[in-house]
Trainee: 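One structure follows; several queries about it will come next.
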Amino acid sequence: MKKKELQNEFHVFFLGILYSVLKQEGWFDFLKTSRTPNDIMDQFHYSEPELINEILDILVSENIIKKTPRNGYEVINIEHEPVIVKPALFSDTYYNLWKTYGEALPNRLRGNFMKYTQGQNSGNWEDALKSPFYNSMREASFAFVNFKKKPFRLLDVGSGIGASTAQLWNHLYQKQIISEETIIYGLEPDEKFLHIAIHKNIEVLHFFNNKINLDELKKMQDFFPHFKQGSALKIPFDDNTFDYVYTSHMLYLTDPRKALAEILRVTKPNGTIFGTQAFLSKPYTHIWSLFMKVIEGANGYFTKKELAQWAKEAGGKDVAFATPVVFKFRKNSN
Ligand SMILES: C[S@@+](CC[C@H](N)C(=O)[O-])C[C@H]1O[C@@H](n2cnc3c(N)ncnc32)[C@H](O)[C@@H]1O
């Protein structure tokens, strides 16, 4: 499937959920006459004006509502019906996860957050994080880095169930870069995910290394990644510890500036930071980003330009991007 079709599918999906959730709330009946953001806040007992404005901007850009004089908004097409179609790249579980976050939006507008795994069966995330959707993006980010065949320390920040760490381990193994002196850590704040990463380590590794017989893989246990609990906002490692720091689909779930500063702190001078992260540029990422903000601590998507600026401010250099979702940069030498 072409990139454009794919993005269009995501867009239809996220817009369908947004439309359906707001319709159920009664937004479009209420907007049959012109209303201001304050009217909407009062009517539905909302407490988050920034998010209301974000939603109104999205609905205007989608021609669902229009602006009227004196900061008003009014619905254009009241017959419009929500259509929610699962994108081909989404597994059923991933589809359900994002539907759940989208449906939590009214609650968020009233000031209540969701925890990342709250209300979710972590098994759903386990399935989603092993899906081709994530795998293809992670593989692209590994290919963007020139790993040197010498001992190194690598940290995967926000390693989840350990899928990203295992896939990276496999990539390095295939390139014969893993050695006794290679040290790989995964850092993850969520207990449910960390439990899977630690207790199903070999299972997750085998999922990404199924060409290696399980018994052979078990013999390599000394070289397996280690996992530690902790947040990107306070990385429990000393300054200048890692040659490589990887992060996949994590920065939008936290405060990205603080996380980048911490990531750079633990990276050695001239060390490489690389990762995968969708950026805020296309309409679908705006709605996706909005849904992400129901999660406690999440700031949502940002632009490539912002990432480049924050990386430089925190002591990074040589920021580069490949494919719509892959980035890398290095830490300054001094
Ligand atoms: C979409 S998952 C990606 C997991 C993994 N990197 C992968 O590609 O399979 C996002 C992960 O970021 C973690 N996360 C959220 N906030 C974080 C923070 N402040 N520090 C570190 N990890 C965080 C979540 O708990 C979750 O495991």
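All ligand and atom numbering here is 1-based and tracks the order in the structure.
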Trainee: Compute the ring centroids of F13 and Y284, then answer whether they are less than 6.0 Å apart.
Mentor: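 Aromatic pair excluded; centres sit 6.0 Å or further apart.
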Trainee: Using a strict cut-off of 4.0 Å, indicate which atoms of ligand 1 neighbour a heavy atom of S159.
Mentor: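 Answer, ordered by atom number: 5 (C).
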Trainee: Which ligand 1 atoms does S231 reach within 4.0 Å, using its non-hydrogen atoms?
Mentor: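 Ligand 1 atoms under the 4.0 Å threshold to S231: 18 (C), 19 (N), 20 (N).
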Trainee: Short list, please: which atoms of ligand 1 are under 4.0 Å from a heavy atom of L253?
Mentor: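 Answer for ligand 1: 10 (C), 12 (O), 15 (C), 16 (N).
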Trainee: For atom 24 (C) of ligand 1, state which one of M250, E262, M292, E188 supplies the nearest heavy atom.
Mentor: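 Looking at heavy atoms only, E188 sits closest to atom 24 (C) of ligand 1.
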Trainee: Which ligand 1 atoms are under 4.0 Å away from a heavy-atom of S248?
Mentor: 3 (C), 5 (C), 6 (N), 7 (C), 8 (O)
Trainee: Measure from atom 17 (C) of ligand 1 to every heavy atom in P189, G186, G158 and give the option owning the shortest one.
Mentor: P189
Trainee: May I ask you to check whether Y101 and W98 place their ring centres under 6.0 Å from each other?
Mentor: yes
Trainee: Under 4.5 Å between any side-chain heavy atoms of L307 and P256, yes or no?
Mentor: no
Trainee: Provide the number and element of each atom of ligand 1 under 4.0 Å from a heavy atom of H249.
Mentor: 1 (C), 2 (S), 3 (C), 10 (C)
Trainee: Between K317 and N270, do the side chains contain an N or O donor and an N or O acceptor separated by less than 3.5 Å?
Mentor: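 There is such a pair (donor and acceptor under 3.5 Å, judged by atom type) between the side chains of K317 and N270.
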Trainee: I need the atoms of ligand 1 closer than 4.0 Å to a non-hydrogen atom of T254, numbered in the order shown.
Mentor: 19 (N)
Trainee: Under a 3.5 Å cutoff, is there a donor and acceptor pairing between the side chains of N170 and K211?
Mentor: no
Trainee: Hydrophobic side-chain clustering at under 4.5 Å (ILVMFWY, transitive links): who's grouped with F207? Put none if nobody.
Mentor: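 Other cluster members: V204, F208.
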Trainee: Going by the atom numbers of ligand 1, which of them fall below 4.0 Å from some non-hydrogen atom of Y134?
Mentor: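 Heavy-atom distances to Y134 below 4.0 Å select 1 (C).
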Trainee: Do F274 and F147 have ring centroids that are under 6.0 Å from one another?
Mentor: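 Aromatic pair counts; centres sit under 6.0 Å.
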Trainee: Taking the minimum heavy-atom distance to atom 1 (C) of ligand 1, which of W125, Y246, Y116 ranks first?
Mentor: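 Among W125, Y246, Y116, the closest heavy atom to atom 1 (C) of ligand 1 comes from Y116.
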Trainee: Examine R138 against ligand 1 and note whether any of their N/O atoms are separated by less than 3.5 Å.
Mentor: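 Checking ligand 1 against R138, an N or O pair does fall under 3.5 Å apart.
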Trainee: Using heavy-atom distances, let me know which of A197, S164, A232 sits nearest atom 5 (C) of ligand 1.
Mentor: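 When every heavy atom of A197, S164, A232 is considered, S164 comes closest to atom 5 (C) of ligand 1.
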Trainee: Please give me the minimum heavy-atom distance between I40 and L31, naming the atom from each residue.
Mentor: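 For I40 versus L31, the nearest heavy atoms are CD1-CD2, 4.0 Å.
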